[in-house]
Amino acid sequence: MKKLVFDYAMKLSFSSPVTDHRFQLRCVPASGPRQQVVDVKVKVTPDTALETQNDAFDSVVMTGYVPQPHDSFEYSVTGIAFVDNDHTKPEDYKPLYRFDSGLTIPGAAITALIERCTAMMDDGGRSLDRREQAALVMQEVYEAFTYTPGATTIRTTAEEALEQGTGVCQDYAHVMLAVCRHIGLPSRYIAGLLGGEGATHAWVEIYDQDRWVGFDPTHNRPVNDEYITIAHGRDYRDCMLDIGIFSGANVTQQQWVNASVHEQRS
């Protein structure tokens, strides 16, 4: 087990004042089978009332409304997470994680990767268990990419990212999801925090023996106690940390994000 202190902040700067700003945040790590989260503090500027509930995936969702003119919007969340992968608790299985989602539908490139992974599993001389299968897929996804910030957007599909061979953690995760689901591994997308990243991170969990087990294809390694889960779902679209709408004429926006995680030793 590790005691991790986390601090995540996001700021949007608008080119001119906006009004009637409605927003939805998924920025608070929730307590769950592998982590317990305490001492959470959330601050939103401009100050406004927040309504909090859990969505269908048990992620914490906060909504709010800023009616008055403002040229920036920011929030921060701090807290402590006790993470213990070795004692992850059982969790119910949801069949939806077996099927394609909007950003993970295979095309020619992913189909070829599925076939390559399947052939490698069949050629090993013995049957691989689920975690070994996931590790093999993770390795192949890792080798298929060159990590390239700015090469993709939040709308880029797994097929598009793999075809060009460049992307970021979101793209690595989407490709791994697509392959895992088609070789029979129920899998889900995780948005969270990892020390040293400076921003949020994304990885994959596969379902094995009544528990979700994490794999990080961006770093080609199993998830350990250094990872804090914020949200999970079928793909990125279920785990968007902040979305909103507002009124304004020809407004452009710039986003700044900073995340830090460090272990606190007792």
Side-chain angles (χ1 to χ4, degrees), residues 55-57 59 91 93-124 127-192 200-209 211-223 227 229 231-241 243:
D55 66 13
F57 300 96
S59 300
E91 195 170 351
Y93 167 71
K94 294 182 179 180
L96 63 88
Y97 292 119
R98 294 170 46 203
F99 305 109
D100 294 331
S101 55
L103 293 173
T104 66
I105 298 172
I110 288 180
T111 298
L113 182 55
I114 293 169
E115 293 173 350
R116 184 163 73 250
C117 290
T118 301
M120 293 174 67
M121 292 174 191
D122 292 342
D123 193 41
S127 297
L128 302 182
D129 63 32
R130 290 190 169 210
R131 300 188 191 199
E132 291 172 328
Q133 291 175 15
L136 185 152
V137 174
M138 176 177 65
Q139 173 78 31
E140 291 302 303
V141 171
Y142 174 77
E143 294 181 351
F145 273 99
T146 299
Y147 189 87
T148 311
T152 55
T153 72
I154 60 173
R155 298 177 181 84
T156 302
T157 66
E159 176 67 22
E160 292 167 342
L162 182 60
E163 188 173 27
Q164 68 186 33
T166 56
V168 293
C169 58
Q170 171 184 311
D171 306 297
Y172 285 67
H174 282 156
V175 173
M176 184 170 175
L177 288 172
V179 176
C180 283
R181 289 168 179 166
H182 278 263
I183 64 171
L185 295 176
S187 53
R188 64 187 187 183
Y189 182 99
I190 306 295
T200 55
H201 191 49
W203 60 93
V204 171
E205 287 182 342
I206 64 116
Y207 194 72
D208 180 47
Q209 298 180 356
R211 289 168 173 80
W212 288 100
V213 183
F215 293 85
D216 181 355
T218 305
H219 296 294
N220 193 29
R221 67 190 186 196
V223 167
Y227 292 71
T229 298
H232 66 262
R234 294 163 295 182
D235 58 31
Y236 168 80
R237 290 175 179 171
D238 291 332
C239 305
M240 297 176 69
L241 269 64
I243 55 177

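The first residue in the sequence is number 1, and the count goes up from there. Everything quoted here is computed from the prediction, not taken from an experiment.
In this view, N220 and M138, Q139, Y142 satisfy the side-chain contact (heavy atoms from CB on, under 4.5 Å) rule, not counting sequence neighbours. In terms of the salt bridge (Lys or Arg N to Asp or Glu O under 4.0 Å) criterion, residue partners of R234 (sequence neighbours excluded) are, by chain and number, D238. The side-chain contact (heavy atoms from CB on, under 4.5 Å) test applied to I105 returns D100, not counting sequence neighbours. When the ring pair (Phe, Tyr, Trp, His ring centres under 6.0 Å) test is applied to F215, no partner is found at least two apart in sequence or on another chain. With sequence neighbours left out, Y207 forms a ring pair (Phe, Tyr, Trp, His ring centres under 6.0 Å) with Y93, W212. Residues satisfying the side chain to side chain donor-acceptor pair (under 3.5 Å) test with R237, not counting sequence neighbours, are none. Contacts of Y236 classified as side chain to side chain donor-acceptor pair (under 3.5 Å), with partners at least two apart in sequence or in another chain: none. The side chain to side chain donor-acceptor pair (under 3.5 Å) check on R211 picks up nothing, with sequence neighbours excluded. Shown here are the side-chain contact (heavy atoms from CB on, under 4.5 Å) partners of T148, two or more places apart in sequence or in another chain: T146, A151, T166.
The aromatic rings of H219 and H201 lie tilted to each other, with the angle between the two planes from 30° to 60°. Ring planes of H232 and F57: perpendicular class, angle over 60° (limits at 30 and 60°).
Within the 4.5 Å cutoff, no side-chain heavy atoms of V137 are placed close to those of Q133. In this structure, L103 and L177 have side chains that are not in contact, with every pair of non-hydrogen atoms separated by 4.5 Å or more.
Checked by atom type, the side-chain pair T104/D235 shows no donor-acceptor distance below 3.5 Å.
Distance check, rounded to the nearest 0.5 Å: CD1 of I206 to CZ of R130 gives 7.0 Å. We find the OG1-CD1 distance between T118 and I183 to be 6.0 Å, quoted to the nearest 0.5 Å. Atoms CD1 and CD1, on I154 and I243 in that order, are 9.5 Å from each other to the nearest 0.5 Å. The CD1 atom of I190 sits 12.5 Å away from the SG atom of C169 when rounded to the nearest 0.5 Å.
The ring pair (Phe, Tyr, Trp, His ring centres under 6.0 Å) contacts involving residues 151-185 comprise F145-Y172, H174-Y189, where partners must be two or more places apart or lie in separate chains. Pairs engaging residues 137-161 under the salt bridge (charged side-chain N to carboxylate O under 4.0 Å, His left out) rule: R116-E140 [sequence neighbours left out]. The stretch residues 176-190 participates, sequence neighbours left out, in these salt bridge (charged side-chain N to carboxylate O under 4.0 Å, His left out) pairs: E91-R188, R188-E205.
In terms of modelled atom types and a separation under 3.5 Å, the side chain of D122 and the main chain of A119 share no donor-acceptor contact.
Closest non-hydrogen pair, G233 versus C239, comes out as N-SG, 3.4 Å. Between A191 and L241, the shortest heavy-atom contact is CB-CD1, 4.1 Å. Of all non-hydrogen atoms in T229 and W203, the two that sit nearest each other are OG1-CZ2, 3.8 Å. Considering every non-hydrogen atom in both T111 and P106, the closest pair reads OG1-CB, 4.0 Å.
Between C180 and the choices L185, V141, V175, the side-chain contact (heavy atoms from CB on, under 4.5 Å) rule is met once, by L185.
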Q: Under the side-chain contact (heavy atoms from CB on, under 4.5 Å) rule, what do Q170 and T152 come out as? Steps first, then yes or no, please.
A: CA-CA 9 Å; Q170 171 184 311; T152 55; over 6 Å; no
